[in-house]
Amino acid sequence: MAAFRTVDPQSLPRHFDPSEGEGRWHHAWQEAGLYHWDENRPREETFVVDTPPPTASGSLHIGHVFSYSHTDILVRYQRMRGRNIYYPLGWDDNGVPTERRVQNLFHVRCDPTLPHDPELALEPASAKVRKKPPLVISRKNFLDLCAEVTAEDEKAFLELFAKVGLSVDWRTEYATIDARCRTLAQRSFLDLHDKGHTYTVEAPFMWDVDFQMALSQADVEDKMRPGAYHDIEFAVDGSDRSFVISTTRPELLGACVGVTAHPDDERFQDLFGQTAITPLFHAPVPIFASDKADPEKGTGILMVCTFGDQTDVEWWREQGLALRQLLGKNGRLRQVTFGDDEFPSRDADRANAVYAEIAGKNVEQARKRIAELLEDPAHSATGNGPPLQSPPRPIEHAVKFYEKGDRPLEILPSRQWFVRLLDKKDALLQKGSEIAWHPPHMESRFRDWTENLSLDWCVSRQRYFGVPIPVWYPLDAHGEPDYDTAIVATPDQMPVDPMTDVPAGYTEAQRNQPGGFAGEADIFDTWFTSSMTPQIGSGWVLDPARHKKLFPADIRPQSHEIIRTWAFYTIAKAMLHEDSVPWHHVNISGWILDPDRKKMSKSLGNVVTPLPLLEEFSADAVRYWAANARLGVDTALDESVFKIGKKLITKLWNASKFVLSQEGQPGPITNELDRAFLRELRTHVEQATKDAEAFDLARTLQDTERFFWSRFTDTYLELAKTRARDEGDPAGRDSAVTTLRFALSVLLRMFAPVLPYVTEEIWSWIYGEERGEPFIHGAAWPTAAEFDQIEAPADSGSFDLAITALAAINKAKADAEVSMGREVEHLELAGAAETMVRIEPVLSDVLLASRCHGHAVTSDDGIDVGSFQVRDARFAPRPDKK
RNA sequence: GGGCGCGUAGCUCAGUUGGUUAGAGCACCUGCCUUACAAGCAGGAAGUCCCCCGUUCGAGUCGGGGCGCGCCCA
């Protein structure tokens, strides 16, 4: 048999050079099409990933690299298991973040009523331009700028992902704003509409006054903000009786449409059914009982406004109260007149005089002024003195904000499109339970969110950059739209923009004309499109054959804070469209916290960007760091882990250099030590594979690393290295070299998903050709079957025993403060009689490894079974330095 | 206020159905240039497993209560 081909260690670089190797291998893998999904292979062999499309605006932070690495490690493992991988990558460029960047970068605002200017060419705004008011441009011009900005960001993101070594099939690249995704989102709407899951209604809804758009429950978060209770006296109509309400929203006094207290509250029994008169505006409003009023809160009796909060909306509906909308969509108080049917008043002149002071003001300004006016006894409804009973009492309370907004949300009536979900909670929960969540407790986040959902999904947004809602409305003879007979675009029209495209049966000339039609100006919520990422990959209605092969996906990787949005909506869509789960598994990555365990955020200024880390420590080392974190566990950023990764890479490099430079021939593995070692390796392969199959790649890595370091380089390799060079024992040498090379090939493959570059580099020296597997990432993950030809050791504990004996001799050397390489002239190895019998088959390797030239063995049953004592060690003199 | 998670060596973290003396790496201390590797090797020191109560022959692990931290939601 031919001798092993070997490497010349002198000709190899001292270390792996990632700055050169990463780019080289990236290109080699691309050229070989290693990441390509093969559409001809059957579904059972396929592993489909539903990759998160990152928001392509701004910059990535280290948390992205962390979670995308987790996915890639899993994917590379599955690829080595022989699966046909579908691993796409897209960009979520819809929505507010992009619009904001464009507005800031070019200092522009969008006005959809303006005509398109094809000549418009803008540069990023200079400081001088920024001092002027923003340039107002058409919708199409605005969208062009959005596309321009996202394209640049996507390029930078893509380069970073390539550097990290993500093994995505780059042919699949998509953007949620591209024509295909727009079509799919609009087809989704059509399907939901046909199935009766959508509706449009004008209703009070959460509204951001800066963005001037409606929001869904998932977009909203509570923030603690200072506020103040204002105690204000109301009169009771036709009575001397009065009462004091407590409110944090005095500026809405003019929008008061009722007063309520708890039905069991003794203090107010006489008031229910009476009419109250508000101060300042002298408006008559009904007093009613409601068990939603909390007797403990404030004074126990409160005013109902249209609309101060969500409970006001409920009272308004249940009691059939009047609608007095004071606040405009821009967040300022509208011009209204008291004394008419909409805003009744017992003293219209005074009311209008007061209102004139606050009309046009924003909420904060109005609140301040109203508080001042309430101190004037002239405005009292009772004649008892100032309506404000005492100076406002400051409190800290939760206020609802749009997650990207700076001012509190208001509740305003507006027309919106909804997807009906509240009637499907049980079915959604059922779907959630059919999915395997990793770690399992993350399912409870989905469950909690779904159970507590209180609003249908508002899918319309008053924005520009996004997928248009594909509907038109017929206009009646007065030019008023009929929302109940919305015209939905047909599939052949999609992607459609109802603001420029025309519905069937109409002409452009009829746009916005009585008897004609009007296009829907709103776009979809970003999640409406990104909740379809599995269908975007599969093609869904656009490619049913492909869809069948790629849907449902196998795995959805994502982080935990968007379980309530991305995971939730994706599950909802798959259920509504096809009564299916969107994927079989969800992998939840934890978060990267800063070293003080604080969440990274721009406002705290503690965001860490990945590029410097990748350059300092290499992609492999960064991936090693990511791979060490278990799923779902938040991890503090600790650079020492990168260093450990770097050490591991160097160790792999050096050990491989040694192993692959040993000369010998493929031979039968005859030696007891070799067999015992390989038996351990086999056990490790089985366990590590079991963990990987359970998505616990972190454990696979940790155990493989431990095995590599403490069972291979520090021990087996040391024990076998002298024999591997022993020309006087060809059989023993071939057994050792064959074992070393086989073991290294197994370990390299087990590290390959985590450390793709250095393992590929090493693989290419010898193994690629020798094994006929040119790339390690196309090679087979090791299995127990590969060990079947290797005979079992006579004693499964003999490897362990050899290590123990070597350690005992090493300790003697350490105690004597001599080097591990010091020759030993003679020593006595003592152990229990049973131990000494068992050590015999591997003793020669132990003595060779410890450079022991003379020895005696002693049975001493006073020593614990399995351990050794080294006695009378005599070391050779230290050789002269050359 | 509710849900979920976390609390183990100075630091970052393992610790599987309860089972000898609780582990790793980093940092620290002592040696050692040894024919793959000083980005290394050998040896060493270091813990009230957050606290209390309980179940058990036995608790880091299970149950109850409390404290602290994080995220999500009211």
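Values below: every heavy atom of this structure, side chains too, minus hydrogens, waters and symmetry copies. Letters A, B, ... mirror the listed sequences (proteins, then strands); counts begin at 1. Small disclaimer: the values here were computed from a predicted structure and weren't measured.
- Cation-pi geometry between A/Arg556 and A/Trp566 is met: the NZ or CZ atom falls under 6.0 Å from the ring centre, inside 45° of the normal.
- Within the 4.0 angstrom heavy-atom criterion, no nucleotide atom of any strand lies near A/Trp625.
- Distance, A/Gln687 CD to B/U16 C1': 9 Å, rounded to whole Å.
- If you check every strand for non-hydrogen atoms under 4.0 Å, A/Ser444 touches sugar and phosphate atoms only.
- The residue A/Lys721 sits close to a base: some heavy atom pair falls under 4.0 Å.
- Residue contacts for A/Glu705: at a heavy-atom cut-off of 4.0 Å it reaches no nucleic acid atom on any strand shown.
- One interatomic measurement links the two molecules: CZ of A/Phe875 to P of B/G31, which rounds to 17 Å at whole-angstrom precision.
- The distance between atom CZ of A/Phe707 and atom P of B/G23, rounded to the nearest whole Å, is 21 Å.
- Residue-level contact check: A/Asp638 touches the backbone only, with heavy atoms under 4.0 Å from sugar-phosphate atoms and none from bases.
- Using a 4.0 Å cut-off between a side-chain N of Lys or Arg and a carboxylate O of Asp or Glu, A/Glu680 and A/Arg711 qualify as a salt bridge.
- Counting non-hydrogen atoms under 4.0 angstrom, A/Ile649 reaches nothing in the nucleic acid.
- No donor-acceptor contact under 3.5 Å links the side chain of A/Arg725 to the base of B/U35.
- Atom name C1', nucleotides B/U21 and B/U30: the rounded distance is 24 Å, in whole Å.
- A/Asn628 comes within contact range of no nucleotide atom at all, as no heavy-atom separation falls under 4.0 Å.
- Across all strands shown, A/Trp591 has heavy atoms under 4.0 Å from sugar-phosphate atoms exclusively, and none from any base.
- Taking only side-chain atoms of A/His441, from C-beta outward, the nucleotide of B/C37, B/G43, B/C4 with the closest atom is B/C4.
- Residue-level contact check: A/Ser661 touches neither bases nor backbone, having no heavy atom under 4.0 Å from any strand.
- Residue A/Arg706 is classed as a sugar-phosphate contact, given heavy-atom separations below 4.0 Å to backbone atoms only.
- Distance from the side chain of A/Arg699 is smallest to B/U16 among B/U16, B/U34, B/G40.
- Applying the 4.0 Å criterion to OP1 and OP2 of B/C41, one finds that A/Trp709 has a side-chain N or O inside that range.
- Closest approach to the A/Ser819 side chain among B/C37, B/C41, B/C32 is made by B/C32 (side chain taken as heavy atoms from C-beta onward).
- We find that the ring of A/His15 and the base of B/A39 stack, their centres lying under 5.5 angstrom apart and their planes tilted less than 30°.
- With distances taken from any side-chain atom of A/Glu718 to the nucleotides B/A36, B/G70, B/U34, the minimum falls on B/A36.
- Checking B/A24, B/G70, B/G40 against the side-chain heavy atoms of A/Lys647 singles out B/G40 as nearest.
- The salt bridge (Lys or Arg N to Asp or Glu O under 4.0 Å) test applied to A/Glu828 returns A/Arg871, not counting sequence neighbours.
- A donor and an acceptor atom never sit less than 3.5 Å apart when one is taken from the side chain of A/Glu817 and the other from the base of B/A42.
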